[in-house]
Amino acid sequence: MIKSVGILTSGGDAPGMNAAIRAVTRAALSNGLKVFGIMDGYQGLVEGRISELQRNSVSDIIMRGGTILGTARLPEFKDLKVREQGVAKLQEKGIDALVVIGGDGTYRGALALHEMGIKCIGLPGTIDNDIACTDFTIGFDTALNTVLESIDKLRDTSASHHRCSIVEVMGNHCGDLALYAGICSGAELVITPETGYDELEVIEKLKALDAAKKRRHAIVVISEKITDVDLLAQKISKVTGFAGRSTVLGHVQRGGSPTGFDRMLATRFGDFAVELLCNDISAHCVGILENKLVSTPFEEAFDFPTPSRKKLFALQGRLA
Ligand code: ADP
């Protein structure tokens, strides 16, 4: 039976991480465990920047974006010698279990720690929704709402000017943020890693919207890392009836107060992580599938098939 648990956030930050830190802390304290916060992910672990958390240490953070523990990337954590330093720091404090909040990379670090005798549970925290074994990650819903707020505003102005707005959103290599934002904003086109990208096809579709359907404006939501949206906007201005304008939403998508959905998700995940550790389960990640909390071994998570979004893409196309 474990006696104390450490918490860290790692990789990219996401709104709702604080709600998860709060839930893990309070659930662990309720189970009679000591709780420690580790600063800046695996970096702070290796450097021993670890302090004990009390109930009040996590007061008034459920509504705050970012992560009070900070986050960092430490590629050297793949090196056994570096991890041994981290394990030594945990042993100094008597910490026998960890809850790590992050993505795939963070889970790989946790799996390696598990193999060195530290019990680990992973919580999915990223706005990209690109983590296997869960329908939703902590931060995705907040980012979606941030994106929608911007697209709604862009629609107002682009409708007034017969413009086509190209909106680039985050998502890393996952198109969920663009797809959901496209559906929820009524975008005319959605381009993601899953749809692939063909500039000619995009231009033809816009010409058709302009000529045949007499649309006053068009919104194109596109995932990051696909094409240069400034150049695409220029091309649209040149060859279609629309004036093309590009907007890269950038890091605002990562900030802000978490939505109710994300707070609930983070709270349920955090509480469940402690329950798993108290039941002697380790090297699992937590997720939600069809509104049921589930836990999956890390190894299976790395090979988990990417869910098909065919129906959602079809829905977007039908209603655009
Ligand atoms: P994310 O968790 O969002 O996927 P990263 O891929 O940057 O973010 O991973 C976060 C951190 O996890 C890395 O900076 C590194 O410290 C650690 N990590 C990633 N891959 C491994 C690995 N194979 N072994 C050990 N630690 C890893």
Side-chain angles (χ1 to χ4, degrees), residues 6-18 20-21 24 37-50 65-67 69-90 98-134 136-143 169-177 193 223-225 251 253-255 258 262 265-266 269-270 273 282-287 296-304 306:
I7 312 168
L8 61 81
T9 50
S10 161
D13 67 315
M17 281 183 161
N18 282 326
I21 293 166
V24 173
I38 301 165
M39 296 305 295
D40 297 329
Y42 295 125
Q43 175 111 42
L45 170 62
V46 169
E47 292 167 2
R49 288 187 280 122
I50 302 172
T67 157
L69 294 176
T71 179
R73 292 201 161 89
L74 180 69
E76 297 81 4
F77 203 67
K78 289 177 188 157
D79 181 346
L80 177 64
K81 289 242 154 34
V82 175
R83 287 201 304 279
E84 279 170 350
Q85 291 170 31
V87 170
K89 301 292 182 198
L90 291 174
L98 276 185
V99 175
V100 301
I101 309 168
D104 260 38
T106 302
Y107 289 178
R108 285 182 198 279
L111 178 59
L113 287 174
H114 161 81
E115 284 160 0
M116 296 166 79
I118 306 292
K119 294 193 188 309
C120 291
I121 295 291
L123 299 192
T126 165
I127 67 159
D128 299 328
N129 213 36
D130 61 346
I131 304 183
C133 311
T134 188
F136 295 107
T137 56
I138 298 166
F140 175 69
D141 185 66
T142 306
V169 306
M170 284 184 166
N172 200 11
H173 296 290
C174 173
D176 280 9
L177 196 51
S223 298
E224 63 182 344
K225 302 177 183 176
H251 278 81
Q253 293 165 91
R254 290 210 182 182
D262 272 333
L265 195 66
F269 280 172
S282 176
H284 276 223
C285 52
V286 164
T296 312
F298 283 142
E299 284 108 327
E300 285 178 30
F302 300 138
D303 297 327
F304 207 73
T306 314

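Ligands are counted one by one from 1 in listed order, and the atoms in each one are counted from 1 as well. Small disclaimer: the values here were computed from a predicted structure and weren't measured.
Taking a cut-off of under 4.0 Å to the non-hydrogen atoms of G109, the atoms of ligand 1 that pass are 25 (C), 26 (N), 27 (C). When each atom of ligand 1 is checked for a heavy atom of Y42 under 4.0 Å away, the hits are 12 (O), 16 (O), 17 (C). Those atoms of ligand 1 with a heavy atom of R108 less than 4.0 angstrom away are 20 (N), 21 (C), 22 (C), 23 (N).
At a 3.5 angstrom cut-off on N or O pairs, T106 counts as close to ligand 1. Of the polar atoms of G105, at least one N or O is found under 3.5 Å from an N or O of ligand 1, judged by distance alone. Annotation: G11 places no N or O atom under 3.5 Å from an N or O atom of ligand 1; distance criterion only. In terms of N/O distances under 3.5 Å, ligand 1 is approached by R73. Geometrically, ligand 1 and G103 share a nitrogen or oxygen pair separated by less than 3.5 Å.
Side chain of N18 to main chain of G65: a donor-acceptor pair is present (N/O by atom type, distance under 3.5 Å, no hydrogens or angles). For T137 (side chain) and T126 (main-chain N/O), a donor-acceptor pair under 3.5 Å exists by modelled atom type. A distance-only check finds a donor-acceptor pair linking the side chain of Y42 to the backbone of A110 [under 3.5 Å].
The shortest contact between atom 22 (C) of ligand 1 and any protein heavy atom is with K78 CG, 3.4 Å. Atom 14 (O) of ligand 1 has L74 N, 2.7 Å as its closest protein atom, hydrogens excluded (heavy atom only).
For the pair Y107 and P124, the minimum side-chain heavy-atom distance is below 4.5 Å.
Using a 4.0 angstrom heavy-atom cutoff, T126 does not count as in contact with ligand 1. Contact analysis puts S10 in contact with ligand 1, with a non-hydrogen atom separation below 4.0 angstrom.
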Full working for side chain to side chain contact (heavy atoms under 4.5 Å, CB included) between R49 and K89: CA-CA 9 Å; R49 288 187 280 122; K89 301 292 182 198; over 6 Å; no
Verdict with reasoning, D141 to F136, per side chain to side chain contact (heavy atoms under 4.5 Å, CB included): CA-CA 8 Å; D141 185 66; F136 295 107; over 6 Å; no
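Minimum interatomic distance between A132 and A301 (heavy atoms only, all atoms of both residues): CB-O, 3.2 Å.
In summary, of the residues considered (I7, L69, L90), a side-chain contact (heavy atoms from CB on, under 4.5 Å) with I38 occurs for L90 alone.
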